[in-house]
Protein chains: 2
Amino acid sequence: MIESTVEIGKAASILKLLGDKTRLTMVKLLNNHDCCVCEFVEIFKMSQPAISQHLRKLKDAGVVRENRRGQWIIYSLNQESDYYPLVQNVLDHLPSQDYLLTELEEQGLRISCE
Amino acid sequence: MIESTVEIGKAASILKLLGDKTRLTMVKLLNNHDCCVCEFVEIFKMSQPAISQHLRKLKDAGVVRENRRGQWIIYSLNQESDYYPLVQNVLDHLPSQDYLLTELEEQGLRISCE
DNA sequence: TTAATATATAACGATTTACTTATATACGTA
DNA sequence: TACGTATATAAGTAAATCGTTATATATTAA
């Protein structure tokens with residue numbers, strides 16, 4: 001049962017953000033594990049600025065949060081967001097993407113930000 | 001509880017479609033009432049081709065269906081779609097948009113396709 | 001058959017998007 | 001302090017998006 005609704009224009013803007021495969025996969029991964037930028041760079045085989053820009057959009061919308069830990073910035077899902085219940089429900093429909101992190105670990109690339 | 005998941009690329013494409021306020025509102029309305037193109041034209045104060053193009057995208061993705069009734073084409077949510085559970089869950093987070101149809105009715109414009 | 005109405009398609013333009021490369025900033029360490 | 005690593009920002013570009021107007025198609029009714 002849904003506790004409260006999200007204004008439809010706001011909802012559309014969140015869904016637009018999630019309507020990109022890269023960002024949607026990021027958010028799905030963050031649902032289980034906090035990640036740093038460098039991990040996403042490896043996973044998506046995309047330039048660091050491209051990853052950074054996706055994360056900024058998600059952060060600006062309040063979907064994710066960042067926490068600096070030394071020279072790394074760790075991203076996590078913002079569970080306090082008004083949109084969190086919507087995002088969570090969407091994620092429930094997606095298969096786990098954790099194999100991407102497993103692959104990274106097998107390459108020994110996960111350790112980079114721990 | 002979710003019965004089955006949607007491949008993440010497909011999910012992203014559906015969310016992208018829903019990530020437009022006009023289309024999201026259309027789908028929310030269709031969740032309660034079948035509608036024809038001319039009703040949407042009145043509601044969104046947008047050209048008929050613009051409405052037609054939004055509906056085509058939704059139809060191509062399998063989210064909605066069309067049924068001709070005389071000279072009108074009635075659109076409805078496609079409950080048989082693999083994406084229907086996802087769409088339905090998203091819609092649950094939105095406030096009803098039925099006031100748009102009420103307004104239409106008050107203007108006497110709803111009768112046009114009945 | 002002709003006209004009117006409802007809808008779809010085509011062609012086009014302004015804006016947005018999602019990358020890229022180059023550069024700036026922040027932190028840790030020698 | 002100076003250097004290396006992690007991340008962010010700036011600037012530019014190709015492609016996608018969402019609207020428009022003009023036109024085509026389909027149905028109904030005179």
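Chain letters run A, B, ... following the sequence lines, proteins first, then strands; residues in each count from 1.
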Strictly distance-based, threshold 3.5 Å: is any side-chain N or O of B:E39 a donor or acceptor partner for the main-chain N or O of B:C36? yes
For D:dT17, take OP1 and OP2 only and decide whether either is under 4.0 Å from a side-chain N or O of B:K16. yes
For the pair made of CD1 in A:I51 and P in C:dC19, what is the distance, rounded to whole Å? 8 Å
In whole angstroms, the gap separating C1' of C:dT16 from NZ of B:K21 amounts to 18 Å
Which nucleotide in the set C:dA8, D:dT7, C:dT20 lies at the smallest distance from any side-chain heavy atom of A:S52? D:dT7
Nearest whole angstrom, please: distance from the P of C:dA8 to the CG of B:D60. 11 Å
Using the side-chain heavy atoms of A:E66, tell me which of these nucleotides is nearest: C:dA8, D:dA8, D:dT20. D:dA8
Hey, is the main chain of A:I8 close enough, under 3.5 Å, to the side chain of B:K21 for a donor-acceptor pair? no
Considering only heavy side-chain atoms of B:A50, the closest of D:dA8, D:dT5, D:dT20 is D:dT20
When the distance from NZ of B:K59 to P of C:dT7 is rounded to whole Å, what number comes out? 13 Å
Taking the side chain of B:S47 as heavy atoms from C-beta outward, which of D:dA6, C:dA8, D:dT21 is closest to it? D:dT21
Does the side chain of A:R68 get closer than 4.0 angstrom to OP1 or OP2 of D:dT7 through an N or O atom? no
Could you tell me how far apart B:F40 (CZ) and D:dC18 (C1') are, to the nearest whole angstrom? 17 Å
What is the distance, to the nearest angstrom, from the CZ atom on B:R65 to the C1' atom on C:dT7? 20 Å
Options D:dA8, D:dC18, D:dT9, nucleotide nearest the side-chain atoms of A:R56: D:dT9
Would you find a donor on one side and an acceptor on the other, under 3.5 Å apart, between the side chain of B:R23 and the backbone of B:L17? yes
Has B:Q97 got a side-chain atom pairing as donor or acceptor with B:P95's backbone, closer than 3.5 angstrom? yes
Can you tell me if the side-chain N/O atoms of B:H54 get under 4.0 Å from OP1 or OP2 in D:dT17? no
Which nucleotide, C:dA6, D:dG4, D:dT20, lies nearest any side-chain atom of B:M46? D:dT20
A:N78 side chain to A:G62 backbone, donor-acceptor under 3.5 Å: yes
Can you measure A:N67 atom CG to C:dA26 atom C1' for me and round it to whole angstrom units? 16 Å
Of the candidate nucleotides D:dT27, C:dT9, C:dT7, which contains the atom at the shortest distance from the side chain of B:C36? C:dT7
Would you kindly give the CG-to-P distance between A:D20 and C:dT16, to the nearest whole Å? 18 Å
Compare the minimum distances between each of D:dA22, D:dT9, C:dA6 and the side chain of B:Q71, then state the nucleotide with the smallest one. C:dA6
Using OP1 and OP2 only, check whether a side-chain N or O of B:Y75 sits under 4.0 Å from C:dA6. no
Between B:Q53 and A:P49, who's closer to the 5' end of DNA chain C by nearest nucleotide? B:Q53
Given the structure, check if the side chain of A:Q48 and the base of D:dA6 hold any donor-acceptor pair shorter than 3.5 Å. no
With no hydrogens and no angle check, is any side-chain donor or acceptor of A:R68 less than 3.5 Å from a backbone partner on A:G70? yes
From the list D:dT27, D:dT7, C:dA8, which nucleotide is the closest neighbour of the side chain of B:I73? C:dA8
Tell me which nucleotide among C:dT17, D:dC18, C:dA8 gets nearest to the side chain of A:K57. C:dT17
